[in-house]
Amino acid sequence: MGELHGVRIHITGVVQGVGFRPFVYGLAKKLELNGWVRNTSAGVDIEVDGEQDILDAFVKSLRDEAPPLSRIDELTASFQAPNGFRSFDIVHSEAVEGAFQPISPDVSICPDCLHELYDPSDRRYRYPFINCTNCGPRFTIIKDIPYDRPKTTMAPFAMCPDCEKEYTDPLDRRFHAQPVACPVCGPKIWIEYVGAQHAVPNLEEDYAVQKTREMLMDGQILAIKGLGGFHLACDATNSAAVTELRDRKLRVDKPFALMMLDVETVEKHCHVDEAERELLESSARPIVLLNRKPDSPIAKECAPGQDTLGVMLPYTPLHYLLLEKSEEFPDALVMTSGNLSEEPIATDNEEARERLASLADAFLMHNRDIHVRCDDSVVRIMKNGPLTVGHKTPSTIHRPPWVYPIRRSRGYSPFPVKLPFEAPPLLAVGPELKNTFCITNKNYAFLSHHIGDMENYETLQSFEQGIEHFEKLFRVQPEAIAYDLHPNYLATRYALQRAEQDDLPTTGIQHHHAHIAACMAEHGLDGSQPVIGLAFDGTGYGEDGEIWGGEVLVADYKSYERAFHLEYFPLPGGDAAIKKPARTALALLWSLGLDWDDSLAPVAEFCAEDRTTLRTQLEKKINTPMTSSMGRLFDAAAALAEVRQSVNYEAQAAIEYEVLADPDEYGMYPFKWEQDEACPERSRRIQIRSAVDALIADVLASVPAPVISAKFHNGLAQLALEICQNLRVVNNINEVALSGGVWQNITLLRRTLSLLQDDGFVVYIHHQVPTNDGGLSLGQAAIAASRLRDSKGLREASLERNKGNKDL
Ligand SMILES: [Zn+2]
Ligand SMILES: [Zn+2]
C-alpha cells in the first residue's frame, strides 16, 4: 500500500437536491476511500484520505461523472495530511454564515419514477407524488437553505419506516431526496365540488383522478393544483368547453397552453422537429410554441388567429395519471394558469377556493404547500435555415436551432445566469409588464420566476414576497437598487421607497439600454467594446419623457448613444391607444400629413363625430404623448392592412399581421432616415412616410394582405441592415445585439438575422432570458454593476437622480 494523503474539496454550483452526495458516496466506496461529504449553505464539502493517484482519479470523476441535474461552477481541492478516517460518511449539513449557493429549479418526473408509477408491484404504484433525487419539486417547496426537508413544505410529513429506510440508505435512489414520500406517509389528493367544498373528501387511491378525468371528458372545467400553482383545465378538443373557460376567465383571444401525454401525441397535432422534441422532453418541461397542423381537431378557440400552439408534456406524476391514454380521453387538455384574467396564479388551497370557485366546476386538491408561485415557462425553437430577402442569394450561414425563451419561469428559475464579471450584491426590480426581478452576487445573476403584469395588488404582493424570498435564499443584502426610469411603474416606486427606507443608493436605467445590456450579459460580453443595439420594442420610458421603442443604440454597460430612432408620432390616449390599433393608425396618418381616406379600414372604424374628437385631441395634444415605438408602428400597419382594428391582448394585431406574411414575397417598403437637427445628441430619425405611402398604395390597389405584411417585414429587415452598415463605417463596430419585445416576431427576426449575418455581422440574440420585458432585469443588473464598479460615487449620483425623479 502506498503513502496516504488527505484532500479537502469544496464544490459550488447546483449541487444540492440533485443527488450529489449519494454520487460522492458511491464514488468514494468504489475507490475505497474513507472520509465524509456534507452540504453547506455554500455548496458541498468533501474530505477523504487515499493514495495520491486514487485521489486524483476521485477528483477527476467528481467533475466528469457528476449527476445529470447538477452543475459544478467551481471545484477546489487542497491536499493535506491524512486524517485517519475509517469509513465514508454523509455528515450533517453545516450553515455557513452569509454564504449562498444556487438552488435547483423544479424537475419533471424522471424515467425511473415514471416506471414505478406504472408498476403494479411497486409500493408507489399510481402515487401522485412519487419522486427521487433525480426529479420532483425543488424551488417551489424550498423555504430556506441549506436544502433539507425541515426547510421545505414537506416538513409536516413525517416519513414512514419504509421511506426513512430509502432516505438514509446511501445506495438508494431516494437517499436524502428531501421530498420523498409514499401513499402511507406523504401528501394526498382529493376532489372538491364547487358548492360542496366542506364535504369530507374521499381520499381513496385514484378516486380523485378518475372523477377528474370523467368531468374533463364531460366538458367541465377543473382547477388542478400543480407544482407552482393551480391550472384551469378542460378538454382542448371540445370547442364549447374551451369557449366556456374563456368566458369565465374573461380572457378573449389570448392563447391557452395545452398539455399532451407524449411527443407521439403532439406530432398528431403539430409539426415537431428534433430540437423541439428535445425541448418538450427536457426536464424543465416548458410550454413549446409549435406550428399546428391544419387538420388537427384541437379546438380553434385554444389559440384564435395563430398558426402555433403552446404545448407541454406532463411534468408531475399527477399529470401522467390525469392524461393516461384511453379511447375516450382527449389527446390534449387546456392547462392555463389558474387565475382570473391578469391576476397572479393561485397557489394556496384556501386562496384557490376563494378566487377560482366562479371559474371551475371542481378542484383537484393536494396538501403539499407551494411556497413559491411559479408559472409554466414558454419557449420556442428558433430555426435558422436558408432565407431570402429582396432577391438576395440565400443565406449561407447556418447555425443549429436554438432555444428562444418567451417566459422564463418554472423549470429554469432560479437557475442563475452567469455574468461575465463580478457584481456586488444588487437588486434590479425590473419593468411593469411581464415583470421579473434580478439579484446578483459575484458572477451570478439570479433572475426571478415570472411575476407578471404589475397592475393589481396581488401581483405587487407577489413581487415583494419574491424579493424577500430571493434575498433570504441567496443570502444577498443589496448594496444598491436599479430601476426603470418610468416614474409610474410600481416596481420603480418600490425601488425608490425601499432605497429610502434602507438608505441604499439607486440608479435609474433607460428601458432600451437595459434590453441591450441583457442581451450582452447573457452572451458573456464584458462591455469593453460597445455593440450596435437594435432595441425594437413596444413601450419604454425615454430620457426625454416620451415613449420610446424603435431605438438603435450604440451601447456598452456604462452608457449608450441613441444613434437612430423611429420618427415620433402621436399616441392619443397614451397606453389606452394600445388597445385600439385603428386609433394609432389615424394618429400616424395625421402626423404624416396623410388624408383620412374613408376606404382605409381604420378610418372606417370611426364615425364622423369620433373623427372630429380625435382630430381635436391630436391638434391640441390632449393626453397625447409622442412615441417612437416600433410596436405601435406594427399596430398601425396591421390596422391599415385590414388585419385588426382593436386588440384583446398585448401585440395581438402585430402577431396576426406576422402570421399572414407571405414567405415567397421578396418586395419591400422603403424606409429612409435623416439627421434630426432638433435632437440634441443628433440622433438620426428613421422616416416612416415613404413606407406608409407604399403600403397605402398597395391597400388601395387591393394587394393581398400576406404580400403587404411580407413587404413591411422585409422593409424593416433591410432598414436594420442599412443602419448597421452605416454604424459599422462610422463607429467601427461589427457586433449587433437584438433585444426588445418586437423581436418575438420570428419573421422579422429571421429575415433581419439572415441579412446581417450574410453581411458579416456578429449578431447576438437572446437564448437564456426573454427578448421581451421578462429579461429586462438582467440588463438593469448588468448596467448597475458596471456603474457601481466604475464610480464609487453612485450614492452621490443616485441622490441627484432621485431629486430629479421627484419632479417628474
Ligand atoms: Zn425520480
Ligand atoms: Zn412513506
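Quick note: numbers below take in every heavy atom, side chains included, and nothing from hydrogens, waters or symmetry partners.
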At their closest point, which heavy atom of [X] faces which heavy atom of [Y], and how far apart are they?
X	Y	value
Asp773	Pro431	O-CG, 3.5 Å
Cys135	Ser108	CB-O, 3.3 Å
Asp307	Val659	OD1-CG2, 3.8 Å
Ile370	Leu227	CG1-O, 3.5 Å
Val252	Arg246	O-CD, 3.1 Å
Ala233	Ile224	CB-CD1, 3.7 Å

Would you indicate whether the side-chain heavy atoms of [Y] and [X] approach each other to under 4.5 Å?
X	Y	value
Ile103	Leu473	yes
Ser413	Leu447	no
Glu278	Ile381	no
Pro105	Arg138	no
Asp148	Gln178	yes
Met454	Lys434	no

Under 3.5 Å, is there a donor-acceptor pair linking the side chains of [X] and [Y]?
X	Y	answer
Glu301	Ser239	yes
Asn349	Lys225	yes
Arg248	Ser358	no
Glu656	Gln652	yes

Quiz item: Under the side chain to side chain donor-acceptor pair (under 3.5 Å) criterion, do Thr140 and Asp106 qualify, and how do the steps go?
Solution: CA-CA 7 Å; Thr140 53; Asp106 299 293; 2.9 Å; yes
I'd like to know if the side chain of [X] and the backbone of [Y] have a donor-acceptor N/O pair within less than 3.5 Å.
X	Y	answer
Lys188	Pro183	yes
Arg410	Ala284	yes
Asp218	Glu214	no
Glu276	Asp273	yes
Arg407	Asp376	yes
Thr459	Glu455	no
Thr212	Ala208	yes
Asn238	Ala240	yes
Glu351	Asp348	yes
Ser409	Asp375	yes

Exercise. Show your working on side chain to side chain donor-acceptor pair (under 3.5 Å) between Thr436 and Ser777 and close with a plain yes or no.
Key: CA-CA 6 Å; Thr436 63; Ser777 58; 3.1 Å; yes
Quiz item: Listed by chain and number, what are the ring pair (Phe, Tyr, Trp, His ring centres under 6.0 Å) partners of His176, not counting sequence neighbours?
Solution: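 For His176 the ring pair (Phe, Tyr, Trp, His ring centres under 6.0 Å) partners, ignoring immediate neighbours, are Tyr167.
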Euclidean distance, [Y] [atom2] relative to [X] [atom1], rounded to 0.5 Å:
X	Y	atom1	atom2	answer
Phe230	Arg353	CZ	CZ	8.0 Å
Leu289	Leu279	CG	CG	10.0 Å
Arg124	Cys163	CZ	SG	4.5 Å

Quiz item: What's the verdict on side chain to side chain donor-acceptor pair (under 3.5 Å) for Ser296 and His269, showing C-alpha distance, side-chain angles and the deciding distance?
Solution: CA-CA 5 Å; Ser296 156; His269 305 281; 2.9 Å; yes
Quiz prompt | Residues forming a salt bridge (Lys or Arg N to Asp or Glu O under 4.0 Å) with Glu432, sequence neighbours excluded | solution =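 Result, salt bridge (Lys or Arg N to Asp or Glu O under 4.0 Å) vs Glu432: none returned.
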Quiz item: Charged N to carboxylate O under 4.0 angstrom, Glu458 versus Arg373?
Solution: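 Salt bridge: no.
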Practice problem: In plain terms, say whether Glu192 and Lys211 are close enough for a salt bridge, that is, a side-chain N and a carboxylate O under 4.0 Å apart. | Solution: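 Judged by the 4.0 Å cut-off on N to carboxylate O distance, Glu192 and Lys211 do not form a salt bridge.
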Between [X] and [Y], is the gap from one ring center to the other below 6.0 Å?
X	Y	value
Phe470	Phe446	no
Phe23	Phe20	yes
His449	Phe139	yes
Tyr127	Tyr125	no

Quiz item: Does NZ or CZ of Arg213 fall inside the cone over Phe329's six-membered ring, less than 6.0 Å from its centre and within 45° of the axis?
Solution: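 Cation-pi check for Arg213 and Phe329: passes.
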Quiz prompt | Worked check of side-chain contact (heavy atoms from CB on, under 4.5 Å) between Leu356 and Phe363 | solution = CA-CA 9 Å; Leu356 306 181; Phe363 294 91; 3.8 Å; yes
Practice problem: Determine, stepwise, if the pair Leu261 / Glu324 fulfils side-chain contact (heavy atoms from CB on, under 4.5 Å). | Solution: CA-CA 7 Å; Leu261 181 64; Glu324 208 169 1; 6.0 Å; no
Self-check item: Derivation of the side-chain contact (heavy atoms from CB on, under 4.5 Å) call for Val334 and Met259
Solution: CA-CA 6 Å; Val334 167; Met259 187 178 275; over 6 Å; no
Practice problem: Fit a plane to each ring of His231 and His319, take the angle between them on a 0 to 90° scale, and name the class: parallel (under 30°), tilted (30 to 60°) or perpendicular (over 60°). | Solution: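 Tilted, since the angle between the ring planes falls between 30° and 60°.
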Exercise. Could you please spell out the steps behind the side-chain contact (heavy atoms from CB on, under 4.5 Å) verdict for Ile141 and Asp369?
Key: CA-CA 7 Å; Ile141 63 164; Asp369 286 347; over 6 Å; no
